[in-house]
Amino acid sequence: MTTSSADAALTELMLRAVVIEERVEQIRGRGEAAEGRIRAEVDVRGTLTGLYIADSLAGFAMDELAQWVTRAQSEACTRARAEADEMQRELTESSYAAALFHEAAQAGLREAETKTRAVERGWPGNTAGPHDWQDEWERARWRP
């Protein structure tokens, strides 16, 4: 991957990340309990954004109602997180991401190898001459 194609792929990946993040922020998970008589809605962070409790539950004990509300919210959180994970998977499993991760790994290996060679040749004590570590490092960073 050339530098310009890597830059284009990175730009594309960043734009997709912004779009996905905006979509993730709009996610609402929904859960039910007590045979659908309690319904909870949460955002992607798990914050309760809606709660419905049927009038038919008015006579139930508060601790029982609290358990049902908790169960409905927990189910809603699970669904919201699963939807967010699926959206984010689109980004991490893209061919753009794979190519960029591979290129970054290769660049990191080249940088480490170059620095190792520079140290073997006397850097930082001997930085003059044809084996100047900075020049070699720069050449290796941009090597296709």
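Please read all numbers here as calculations on a predicted model, not as lab measurements.
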Legend entry - Within 6.0 angstrom of Asp55 CG, more than 12 heavy atoms from elsewhere: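 No.
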Legend entry - Minimum side-chain heavy-atom gap Val19-Leu15 below 4.5 Å: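 Val19 does not reach Leu15 side chain to side chain.
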Inset, instruction - Could you list who else is in Val18's hydrophobic cluster, with ILVMFWY side chains joined at under 4.5 Å, directly or through other members? - result: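 None; Val18 is a cluster of one.
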Legend entry - For Leu65, the rest of its hydrophobic cluster, which grows through side-chain links under 4.5 angstrom: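 So far as hydrophobic clustering goes, Leu65 is joined with Ile38, Val42, Leu48, Leu51, Ile53, Leu57, Phe60, Met62, Trp68, Val69.
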Inset, instruction - Without swapping roles, check the side chain of Arg30 against the backbone of Arg28 for a donor-acceptor pair under 3.5 Å. - result: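 Yes; at least one donor-acceptor contact below 3.5 Å.
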Legend entry - Main-chain N/O of Ser74 paired to Thr78 side chain as donor or acceptor, under 3.5 Å: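 It does hold such a pair.
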Inset, instruction - Taking all non-hydrogen atoms of both residues into account, name the closest pair between Arg71 and Ala33 and its distance. - result: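 The answer is CB-CB, 4.3 Å.
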Legend entry - Closest contact, heavy atoms only, Ala76 versus Gly31: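 Distance-wise, the nearest heavy atoms are CB-N, 3.5 Å.
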What residues form a side-chain hydrogen bond (donor to acceptor under 3.5 Å, both in side chains) with [X], not counting sequence neighbours?
| X | result |
| --- | --- |
| Gln88 | Arg81 |
| Glu32 | none |
| Arg79 | Glu75 |

Inset, instruction - Return each pair, listed once, that meets side chain to side chain donor-acceptor pair (under 3.5 Å) where at least one residue sits in residues 43-54; pairs must be two or more places apart or across chains. - result: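 Matches after skipping sequence neighbours: Glu25-Arg45, Glu41-Thr49.
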Inset, instruction - State the CD-CZ distance between Gln73 and Arg39, to the nearest 0.5 angstrom. - result: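 Between Gln73 CD and Arg39 CZ, I get 16.0 Å after rounding to 0.5 Å.
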Legend entry - Value rounded to 0.5 Å, distance of CD1 in Ile27 from CD in Glu83: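 The CD1 atom of Ile27 sits 4.5 Å away from the CD atom of Glu83.
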